[in-house]
Amino acid sequence: MNISQKKNYNTPVDKLSKKEAEEELIRLANLISKYNIDYYINNNSKISDSEYDNLWRRNKLIEEKFPSLVQTNSPSLYIGSNYDSGFTKVKHLEPMLSLSNIFNEKDLDDYITQVNKILGFNDQDTLEIVAEPKIDGVSASILYKDGELFIGSTRGNGFEGEDITENIKVVKGVPVKLKSNDYPELLEIRGEVYMNHEDFIKLNKLQKEDGKPIYSNPRNSASGSLRQLDPRVTAERKLNFFAYTWGASSNYFNTTQWEARKKLEELGFILNEPSKLCRNSGELIKYYNEIIEIRSSLNFDIDGVVYKLNELELQKKVGVRTRSPRWAVAHKLPAEKGVTVIDNIDIQVGRTGSLTPVARLKPINVGGVLITNATLHNSHEIKKKDIRVGDSVVVQRAGDVIPQVLNVILSKRKKNSKKFIFPKNCPECGSDTFSELLSNGEFEKTVRCSGGINCSSQTLEKLNHFVSINALNIEGLGEKQIKFFWEEGLIGDFKDIFLLENNDSQNKFKLSEFSGWGKQSAINLYKSINKSRKIEMYRLIYALGIRHVGVQIAKLLSNYYKEMNFFLDEISSATEKANQSYLDLISIDGVGPKIGDSVVKYFNNKQNFQLVKELLNHLDISYRFIDITESFLNNKVFVLTGSLNNMSRSQAKIKLEKLGAKVSSSVSPKTDYLIAGNKSGSKLSKARQLNIKILSEEDFNILLNSN
Ligand code: IVH
């Protein structure tokens, strides 16, 4: 079918019936997606910019007239290029850590006491700490080789990110050549890419004029702009870079954090200011309060301040934890508030059938973030706060948390306002709703839909969860694609995902002929589906989306039952509270009756049980015991070379293996780390060639101590 020839293609928006509008939105979403692929992936735009913009505009106009019809794959819901396949992965020479948070003065005192204790100082000793703003942007690492920008990358998972070399070159504050002549051969500079407020507002104005979606906050716009496949687009977006730390540096920075900041400046970087060298917690708190005062006058978003031990020697001594350093900590800023009006209250149906009321707000900018929705949690919350459509309310935003409605401003309430009545039936499928009786004899606050897999919303949410990253992790099968397959009637439950390829090759449908899909994307999808068939038992348990069963509980269940069919047999015989299977289940350390009951309830449902049984036919399930505090070195492949000062290679091997790592004798593309001692030879050069992370003995010690 040629989608651009459908009958409503030219009908003016105000003449469209609801049904026609829906057809148009589906057509436009698919068409824009197809053109995006041509543009971003194939670098071969099939239409002119103005034709493309017209499609956007028409989509937007229809959505404005029929807001309830907005498609989940609507172009207005994603921004810029969603197609990240254009970036290759690069390994960082040193991991990019994140920061742990503190929230108040007591936390700060505890932190300082802890650091003093590690260092063997007493509280009266002066501990110099550098305080600086924590920029709310996108972190990036820039590797300089012989003073020239060599590779730019995103943080990614901390060990490897995406190669954004061409894009980082057009960011203000990133020297392509280092300014001073004093630099080590390899230097990894870390910092934050951000968009300042003026440019953010300008960009959104343009987006709006062009009928394109607006970005909800400067961080998202920085991230989207940095990950454009065309660096010219990135350049237009006017991004900036603050440098605040470094990775590999051959000890180039070797005195203090404060001196290091100066050196960064000398190299040509711009620093995040205002910063302050503090000597006690009183000075830190003073700095923190000053930052709160000036926050709204800054031209960029901040979400906290960062405290860093000044002496680099002391930084080394206190070391790092698994994911964050002990030598630094982020002090979060309080949530920001604003007043706006509730335009509507919608009810969303989740994976486990929970009905969550969501306030649709008149858009309001709170601390640089455009807020349009706030969660109202449940019917009790609405009742307790007597929240009504049309009310003026105080909303609060705290970091990435969904904004909350704090209270209603009753003095602004309209005379004719009516109490909100929570629906008695599921708004998606019409099934009855219920609240569960809890073990304490009270009813839970959440209202649930009883429709189970007959409720389209629940099914879609379940499928989305099933393919998500900690579950089957099927690349290329996200919410948009799940919705597409579901609407086409090609996926109704878990097992259908694994039947797609077969049905396609038997000509029951032809994926490559659907708009938005081509031969290659179909091949890629089937490849990643097939890859996901080999799955660890705990991931599969998690993927089923059983209430209260997160990754940790799934690991406990997998560790205990060890075999999927045995698990199913046991759970399905755990019907009576007193029987042995039930008692076994709830006696697993960390499980208990609440979770146990939920697991039993899930498998007692015949449909669920059947679905899982059918699914098993398509999977190759493996089991291994999982230490739930599993270290991030688990399964990482190490090679040791040269001699170490403080231990023999075989001692190092034992230590690594204790942490779940594997030690191999030769360097290959599968190697994750090479530990290079004194006089390392060919292995070192091979590892360099293969871009494998190289650890010094000192790095290795930090790694061991952080686990
Ligand atoms: S230092 C070893 N300093 O915050 C940790 N990070 O939540 C190095 N960030 O991933 C980070 N401003 O992207 C540092 N002044 C600052 C920062 C900062 C923002 C980001 C950074 C990090 C994240 C942690």
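When reading the values below, keep in mind they use all heavy atoms of this one structure, side chains included, and skip hydrogens, waters and symmetry mates. One-based numbering, in listed order, for ligands and for the atoms of each.
- Residue, atom and distance of the protein heavy atom nearest to atom 12 (N) of ligand 1 are Ile135 N, 3.0 Å.
- Only side-chain heavy atoms of Asn272 come within less than 4.0 Å of ligand 1; its backbone N, CA, C and O stay farther off.
- The pair Glu188-Arg190 meets the salt-bridge criterion, with a side-chain N (NZ, NE, NH1 or NH2) lying under 4.0 Å from an Asp/Glu carboxylate O.
- The shortest N/O to N/O separation between Ser98 and ligand 1 does not fall below 3.5 Å.
- Contact annotation: the side chain of Leu186 never approaches that of Asp146 to less than 4.5 Å [non-hydrogen atoms, C-beta and beyond].
- Residue Glu132 touches ligand 1 through its side chain alone, judged by heavy-atom distances below 4.0 Å.
- Atom 2 (C) of ligand 1 has Pro325 CG, 3.4 Å as its closest protein atom, hydrogens excluded (heavy atom only).
- The protein non-hydrogen atom at the shortest distance from atom 24 (C) of ligand 1 is Leu99 N, 3.4 Å.
- Among protein heavy atoms, atom 8 (C) of ligand 1 sits closest to Thr245 CG2, 4.0 Å.
- For Ala330, the heavy-atom gap to ligand 1 stays at 4.0 angstrom or more.
- Looking from atom 9 (N) of ligand 1 to the surrounding protein, the closest heavy atom is Tyr244 OH, 3.4 Å.
- Each of Phe103, Tyr288, Tyr287 was evaluated against His331; a single residue qualifies, Tyr288, per the ring-ring contact (aromatic ring centres under 6.0 Å, His included) test.
- Less than 4.0 angstrom separates some heavy atom of Val306 from each of these atoms of ligand 1: 3 (N), 15 (N), 16 (C), 17 (C).
- For the atom pair Leu239 CG and Asn167 CG, the distance stands at 9.0 Å (nearest 0.5 Å).
- The shortest N or O to N or O distance between Trp327 and ligand 1 is not under 3.5 Å.
- Between atom 1 (S) of ligand 1 and the options Gln315, Lys308, Glu94, the minimum heavy-atom separation is to Lys308.
- Looking at Lys202 and Glu198, no side-chain N of the basic residue comes within less than 4.0 Å of a carboxylate O on the acidic one, giving no salt bridge.
- When atom types are taken as modelled, the side chain of Asn251 and the backbone of Asn254 share no donor-acceptor pair closer than 3.5 angstrom.
- Contact check on Glu162 versus Arg227 returns a salt bridge, with a Lys/Arg side-chain nitrogen under 4.0 Å from an Asp/Glu carboxylate oxygen.
- Between Lys332 and Asp303 there is a salt bridge, since a side-chain N of the basic residue sits under 4.0 Å from a carboxylate O of the acidic one.
- Per-residue contacts place Leu97 under 4.0 angstrom from the following atoms of ligand 1 (heavy atoms of the residue considered): 2 (C), 5 (C), 10 (O).
- Taking 4.0 Å as the cut-off, Pro133 counts as a neighbour of ligand 1 on heavy-atom distance.
- Cation-pi contact between Lys263 and Tyr252: present, with separation from the ring centre below 6.0 Å and deviation from the ring axis of at most 45°.
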